[in-house]
Amino acid sequence: MAISSVSIALTGSGGAGVMTAGQVLLDAAAKAGLYGLMAKSLGPQIRGGESAALLRISNEPVQSSDDTYDLLMAVDWGNIERFAAELPLSKDSVIICDPAQGPVPELMLTANPRVVNVPLKELAASLEGGRVNMVGLGLIAELIGLPESSIVDILAAALKKKGPEALEASKAGLRAGQKAAQSITGIVKLSPPGPSTTERWSINGNEATGLGALKGGVRFVAAYPITPATEILEWLAPQLPKVGGCLIQAEDELASINQIIGGSFGGVPALTATSGPGLALMSEALGLAVASETPLLVCNVMRGGPSTGIPTKSEQVDLNIALYGMHGDAPHIVTAPNSISDCVFTAQWSVYLAEAMQAPVILLSDQAMGQSKAIIDKPADLGFIGERLAAEANVENYQRYAVTASGISPMAVPGTPGGMYTADGLEHSPRGTPSTQASHHQEQLDKRLRKLTDFDYGDHWGDIEGDSETAIITWGSITDPTREAIDRLADEGVSVKLISIRLLAPALPDKFSAALKGVKRAMVVEQNHSRQFHTYLRGVYDLPADTITYHRPGPVAIRPSEIVEAVKAWNKGA
Amino acid sequence: MAISSVSIALTGSGGAGVMTAGQVLLDAAAKAGLYGLMAKSLGPQIRGGESAALLRISNEPVQSSDDTYDLLMAVDWGNIERFAAELPLSKDSVIICDPAQGPVPELMLTANPRVVNVPLKELAASLEGGRVNMVGLGLIAELIGLPESSIVDILAAALKKKGPEALEASKAGLRAGQKAAQSITGIVKLSPPGPSTTERWSINGNEATGLGALKGGVRFVAAYPITPATEILEWLAPQLPKVGGCLIQAEDELASINQIIGGSFGGVPALTATSGPGLALMSEALGLAVASETPLLVCNVMRGGPSTGIPTKSEQVDLNIALYGMHGDAPHIVTAPNSISDCVFTAQWSVYLAEAMQAPVILLSDQAMGQSKAIIDKPADLGFIGERLAAEANVENYQRYAVTASGISPMAVPGTPGGMYTADGLEHSPRGTPSTQASHHQEQLDKRLRKLTDFDYGDHWGDIEGDSETAIITWGSITDPTREAIDRLADEGVSVKLISIRLLAPALPDKFSAALKGVKRAMVVEQNHSRQFHTYLRGVYDLPADTITYHRPGPVAIRPSEIVEAVKAWNKGA
Amino acid sequence: MDMLTAEKLTAQDYRSDLKPVWCPGCGDYAVIAAIAKALAELQLPREDVAFVSGIGCSSRIPAYSAVYGFHGVHGRALPIATGLKMARPDMTVLVAGGDGDGFSIGGNHFMHACRRNADLTYIVMDNSVYGMTKGQASPTTEPDWEGSKLTPDGTHITPFQPLEIALSAGASFISRAFSGKPAELTRQICEGVNHKGFSLIHVLSPCVTFRPEQRAYKDKVHEEWRPTADRTEAFQKLMADDGFATGILYQGTKPPFRPEMGVPATIAEIEAQFAV
Amino acid sequence: MDMLTAEKLTAQDYRSDLKPVWCPGCGDYAVIAAIAKALAELQLPREDVAFVSGIGCSSRIPAYSAVYGFHGVHGRALPIATGLKMARPDMTVLVAGGDGDGFSIGGNHFMHACRRNADLTYIVMDNSVYGMTKGQASPTTEPDWEGSKLTPDGTHITPFQPLEIALSAGASFISRAFSGKPAELTRQICEGVNHKGFSLIHVLSPCVTFRPEQRAYKDKVHEEWRPTADRTEAFQKLMADDGFATGILYQGTKPPFRPEMGVPATIAEIEAQFAV
Ligand SMILES: Cc1ncc(C[n+]2csc(CCOP(=O)(O)OP(=O)(O)O)c2C)c(N)n1
Ligand SMILES: Cc1ncc(C[n+]2csc(CCOP(=O)(O)OP(=O)(O)O)c2C)c(N)n1
Ligand code: SF4
Ligand code: SF4
Ligand SMILES: [Mg+2]
Ligand SMILES: [Mg+2]
């Protein structure tokens, strides 16, 4: 069933502190026993640029952003034209803004929302050390019915170092906001939280990916910073030394990917994180990992492309390069988490897959997932730990690339007596000796493919939910809005099956056919311009003859209602 | 109709001079008015390694290597196991070898060829300055009926600098070989050449590609050497200064691709040449060329992969990366010549396409085409010259990325007054200003795709030959063996239509449907392990329901008979 | 067009109307101002100048000028500029970027551009940090700087010495300036553009957001260097350098790199080599 | 295993049974011999040594040894070796390759490896040419060498100075040897391996196929350098260098790069940070 929730957008120029306010709001909601999600809309400026904290809070788990914002609080209107499209409103929306910032821009009024003027700046200025964002926070909290105590708790923790005056000033701001809220009526209040049964986490997708990798056994990381992947690295850097690992910052992505090849050759599960431009630079070395059969995990957090594109915004656009970006016949593994919570599992599983199959795994996350923070139930741990088939010491006639039935050959970890071999990116004999011989090439190509296609992936290939003749096939961050769309359609009596593919490559036609069982028609949903996912599916699988797609590029998030509408239009034969 | 020809393999270790002998044989055949083709099988060694010159000579144009060799002359048997698979023989084949080199290896005898022992080394040693390869050359020429005079002409030209003694020594060797040939009977002789109507060229695929690019207007080249692409560069380096251009050797492929972006931004049609590993390193900058709309041509000469793979051998394995190797939605152009002769046209046309659409073109050639030399009729010149839509001076409010109906926007060449703009790989407004705005992103994505899909490619999308309900769909260097296979099938009354796609991307469904007109079933032929072409076709086009593939990896060339057999097996329903 | 008008171009004429994305107080504002001033001093027609950069806060600079520009990808400004200059020797080519762009990911091109000595002027805005990606250590960051979450205990790595490397690699003009002293910076840019060959202008340009302590650069810099053409002397100066000496360190005379021109031929003449 | 046997390992024990692809007479034969000899001198257990390389004739070398090896891609030997050493500090890591691999495509990693000063021993077989791709100019090629079809009139580019760059970048051990003097080469390899930090051993190793004139190196080299820990002194020696001085130029004392270890924690303890 579709959930009831409140959605709030806080916007303002960089210095205005809307991100801080949003974060406090989310944390306070968590404190109050609620669930929530906070996405970020960021501009290119480092400081002083336009930005928006995009929240949704509910007493039930929040899967996705909602269609429109119930409340939009604009601390100012700076550069609003640049991201207005990311702030959908309806006639039921309420804009809260400061008349001192000038009239509400026309393009915010197209949906005919209610406008409420509050002199935010003036209120803040009237207080000692008063800050606009605190006034706004108090106002919002009061409007949606978030208890003051939970906010004060969060602020107290955050401002501990700054001393009691800072907290008092913030409290005064909050109260001024609360007071201002009194005159505003007709705003949906949050339903009170249900009883909490499980431990709740507050985590963003990038942290979740880092955690999953750590749990899977990653102990060596080399990387070069890039938006929006850097937080994975920033989270891992201080954690790794606690578990005997380390992170090094490389001079570039060519170095970082080759460094993790070296670390992994040394027997230590290894990772790098990057985004499109960095992944492109890693293509050659990824091929080396395939040929030399070196396990590794590359977490690619997608952003708008092509080229430098739109670094701070989200799109599912690196599927092509992740699947096909290497020269030669280079079978490898591509995975994609389909929720923030699933980032933990998918990253952990990916380490397991890399190690088990001695192959590179590219995990595709994106800005929308990576930089959004969610209040979630603590994710279950399925216990996947990366472990590779190690060669024993002093095996006679050890062959690193022995042609085995499974395609997986025992790998001697340096230090193993008698296991000495040379890993090679040249085609090679089973022993590893470079070879141009047709039979060696054929058997190594077969083996490198077979080890991936014959592996037992268990039930984790994808999430298949519901049953219907109509299916939506999707992947990654668009899964959650799709789930919500399907829930809403169910409320209206329209049943749709969800197939969200977690293991994008290798292609496993049996799994796909099984997922399609009973399905007569399908809609492929993805967020990019060129239907990368749909084209891929067509290439490697048999889709129902009646298959359509719903896709468009970023940076505007695909909302549940769009998918609902697309399904309805399809049903009507539009 | 299938042609009549003689196929000869000359093998021996590096120093034995088989490549020289092969080259002389080919040149002499040309001199005698014949057509011919010489492929090379090379080992990894720089000197002293195993190698083979693989010739086919005929009085009609030679499209492809034949199924087996009529004659195999082994100067020695060094490392024959490494490339025996590349030397198919039949029971009608004749092995000529020197008993001093030991018995004929078992694996050369499986087809039961006739073995003729000739004491090549002894014969050479008996002559002053005698060389084994000259003895062998004389022997072969005599056996196949190539006039001595044409060989002497070629040798005279080649040995000019070395003085008359060298020529005399060679002649003595030739004569010793001719004499030795007298005792060998039952070898097919060449039919005499028909009357020559057109100018004949002796050219390899890499030279042809370089020439085509030069004719298309390329005047700036930056590159980093790599096997098997280097000859394109080596050919271009001394030619460019003659037409006011230049070539620079870069520090790596990241530099070379960005250097040609710079040169092309400057208004000069630009090219680089590389192979798989280098192409992988160029991925990021290719995306920049897409986003900044900078025309350029990358000639990628494929070799065995993945990773360093088999640098000296051929495979059609970089299709995936050429089509899909960039991050983001990055529409671009991929072309492929389908014969040595067509390298001239396709390279020239590719420069034209790049310039006309302000987009990067990746041209896919391969080792088999690039390093093979052919005697061909002088290719026709269709007159495609690269020219871009230039912005005029002092246009008011000049918008570099103006959204036009064709998707092509006038480009100001630096130096044009009033045309100053900043090219950008960030998403941008029509003016070029970086933008994160959804509408700008959508309209630029649309435009960059539209300019490619709406372009008028004329008749050059592919070569469509014959008419039948059965079609073979192929591309690149496998086209010529396919042509010969189809000719042979026709001789047996089986008609097959050929669809050889020259413009691999963008996908043009109308062209494809038109090509498929009347076709009920199709076979996709390609030389790689993972059916890259077939998967691509499935993804972007509607193939007949009855479509099968014939594919396998290198390094062994796909021979006409394999395709013939595959078609027959298919016809039998096997 | 510019050439025909009698009026002199002002610094403002070399600026575009775009508002920089930079933080208030960023050192880079002074750099674009100095570049515009230098171009005005040199009175180069705007259409004959191209300005190439990579990615970073500093690399945004071309769009803030009114000459031809190319905002490329991270670390590849020098190859783009090199290609442009080789293909279009008539253009004046400026290149700019940050310490991360130029010395980390772009380090190889930097070295080889110095060696090649094409006639480019390369302005590096060095703030010893990755500004754009929010504050990681760059090659020139002090080994004990603990301000980055990626290297919370400092990098423990010897800082990169841009001028030493440039000198070793063969750059023919090497100078250092401080964005807070715009007149000297302007002068160096003029000299660099006038110099025939590869010019490195190393600009200390504070990042007020992630390295606020760099505001103190103004008290640390000292004008010191006068140009020498003697590499040994230049090395000696660098051995004594505290990182804050400014001026032109070295100006050599080796000729700029230019590909050779050939004896003209037509395509038909070139094709003749293939006839049998 | 090796440790337990009483018998000493001989140089031969460090060699594999593969026949090199090298041309007869190639300088690299002496280099693999010297490496095997040095390892025997050091009596390092074979399984505790790893040998990493890129692509080129010279880069084929790991497979000719009997230790663990990684034959990577062109130009990336140092990153692979660095990653291995960081993840496995217990291993002795050798790195080798050619002048093209190390100074052209791999130049950035070379510079940053010198800076980082991880405990690696890097042996560059410099023949001033790309052997494997059949004779193009490399960064160390003389500007007037006309032997390559890609640069038929010579490169006109200042040769790359590996030792100067290494010194500028911060390498803590720098030496030069000649493959034709294997005893000195062996000694330098031993010293380099024993040195704690990044060691560059620059080996003049003739390419008899594309640079046959390099056979004359044997008449040009002169043993000259004794190690100093003074960078200025080392620079002075380089200023006077004719490219053929051999010996250990510089040996500094800066500690090798090692990532910090942390206070141990369990995953559960780490996860606790996310609980609300
Ligand atoms: C291939 C690639 N890797 C990483 C990035 C992310 N990135 C953008 S700018 C930058 C560093 C900028 O530092 P610097 O060059 O010093 O410029 P500043 O912002 O300090 O002026 C990085 C790592 C990128 N855009 N592309
Ligand atoms: C990315 C990439 N670019 C180019 C090549 C081709 N290539 C192989 S080895 C080599 C140069 C080798 O020169 P060097 O390192 O000096 O080794 P040498 O053969 O002289 O010992 C080149 C350019 C490649 N393998 N990979
Ligand atoms: S982050 Fe630093 S370098 Fe970037 S604009 Fe702000 S002050 Fe300047
Ligand atoms: S080409 Fe030169 S470097 Fe390569 S193996 Fe032969 S002699 Fe040695
Ligand atoms: Mg910086
Ligand atoms: Mg070399």
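Numbered from 1 within each chain, the chains take letters A, B, ... in sequence-line order. Any value given below was found using the heavy atoms of this structure, including those in side chains, with hydrogens, waters and symmetry copies removed.
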**Asked** Take atom CG in D:Asp90; do more than 12 heavy atoms of anything else shown fall under 6.0 Å from it?
**Response** yes

**Prompt:** Given that the side chain runs from C-beta out, which part of A:Ala255 has a heavy atom under 4.5 Å from chain D: side chain, backbone, both or neither?
**Reply:** both

**Request:** Could you tell me which of A:Pro414, A:Ala291, A:Ala208, A:Pro238 has the largest number of non-hydrogen atom pairs under 4.5 Å with chain D?
**Result:** A:Pro414

**Asked** Out of curiosity, D:Leu84 CG to A:Asn258 CG, how far, rounded to the nearest 0.5 Å?
**Response** 12.5 Å

**Prompt:** Should the heavy atoms of other residues, nucleotides or ligands under 6.0 Å from CD of A:Glu199 be counted, would the total exceed 12?
**Reply:** yes

**Request:** Give the intermediate values and the outcome of side-chain contact (heavy atoms from CB on, under 4.5 Å) for residues A:Ile248 and D:Phe257.
**Result:** CA-CA 11 Å; A:Ile248 60 174; D:Phe257 180 75; 3.9 Å; yes

**Prompt:** Measuring heavy-atom distances to chain D, does A:Ala393 have an atom under 4.5 Å in its side chain, in its backbone, in both, or in neither?
**Reply:** neither

**Fill in**
Looking only at D:Gly75, D:Pro264, D:Ala77, the option with the highest number of non-hydrogen pairs under 4.5 Å against chain A is D:Pro264

**Asked** Based on non-hydrogen pairs under 4.5 Å, which of A:Gly432, A:Gly245, A:Gly419, A:Ser264 is most in contact with chain D?
**Response** A:Gly419

**Request:** Measure distances from D:Val73 to the heavy atoms of chain A and classify the residue's part below 4.5 Å as side chain, backbone, both or neither.
**Result:** both

**Message:** Any side-chain to backbone donor/acceptor pair from D:Tyr68 onto A:Ala423? Under 3.5 Å, distance only.
**Reply:** no

**Nearest-0.5 Å distance that lies between atom CD in D:Glu271 and atom CD1 in A:Ile203** = 8.0 Å

**Request:** Return the option, out of D:Arg76, D:His112, D:Met261, D:Arg60, with the maximum number of heavy-atom pairs under 4.5 Å with chain A.
**Result:** D:Arg76

**Asked** When rounded to the nearest 0.5 angstrom, what distance separates CD in A:Glu251 from OG1 in D:Thr82?
**Response** 7.5 Å

**Request:** Mark yes or no for whether D:Arg46, through its side chain, and A:Met420, through its backbone, hold a donor-acceptor pair below 3.5 Å.
**Result:** no

**Item:** Option in D:Arg116, D:Glu269, D:Arg115, D:Glu260 with maximal non-hydrogen atom pairs under 4.5 Å from chain A
**Value:** D:Arg116

**Message:** If I measure from the heavy atoms of chain A, does D:Ala66 come under 4.5 Å with its side chain, its backbone, both, or neither?
**Reply:** backbone

**Item:** Value rounded to 0.5 Å, distance of CD1 in D:Ile105 from CG in A:Leu254
**Value:** 8.5 Å

**Item:** Atom of D:Ala87, atom of A:Phe220 and distance for their closest heavy-atom approach
**Value:** CB-CG, 4.1 Å

**Request:** Considering only heavy atoms and a distance below 4.5 Å, find which of A:Val243, A:Leu214, A:Leu240, A:Leu247 pairs most often with chain D.
**Result:** A:Leu214

**Message:** Please determine whether side-chain contact (heavy atoms from CB on, under 4.5 Å) holds for the pair A:Asp381 and D:Ile267, giving the CA-CA distance in whole Å, both sets of side-chain angles, and the decisive distance to 0.1 Å.
**Reply:** CA-CA 12 Å; A:Asp381 185 345; D:Ile267 296 283; over 6 Å; no

**Request:** Take the angle between the ring planes of D:Phe274 and A:Trp201 and call it parallel below 30°, perpendicular above 60°, tilted in between.
**Result:** tilted

**Asked** Under a 4.5 Å heavy-atom cutoff, which of A:Ile260, A:Asp252, A:Thr294, A:Ile257 has the most pairs with chain D?
**Response** A:Asp252

**Prompt:** If you look at every heavy atom in A:Ala30 and D:Val276, which pair is closest and at what distance?
**Reply:** CB-CG1, 3.7 Å

**Message:** Taking side chain as everything from C-beta outward and backbone as N, CA, C, O, which of these in D:Phe51 sits under 4.5 Å from a heavy atom of chain A? Side chain, backbone, both or neither.
**Reply:** neither

**Region of A:Lys378 that comes under 4.5 Å of a non-hydrogen atom in chain D** = side chain

**Asked** Quick one: of A:Thr416, A:Val268, A:Ile375, who has the most non-hydrogen atom pairs under 4.5 Å with chain D?
**Response** A:Thr416

**Message:** Would you say that D:Phe70 contacts A:Ile261 through its side chain, given a criterion of any heavy-atom pair below 4.5 Å between the two side chains?
**Reply:** yes

**Fill in**
If one checks every heavy atom of A:Val344 against chain D at 4.5 Å, the contacting part turns out to be neither

**Request:** Check each atom of D:Gln273 against the heavy atoms of chain A and say whether the ones under 4.5 Å are side chain, backbone, both or neither.
**Result:** side chain

**Message:** Rounded at 0.5 Å granularity, tell me how far CD1 in D:Ile270 sits from CG in A:Leu211.
**Reply:** 8.0 Å

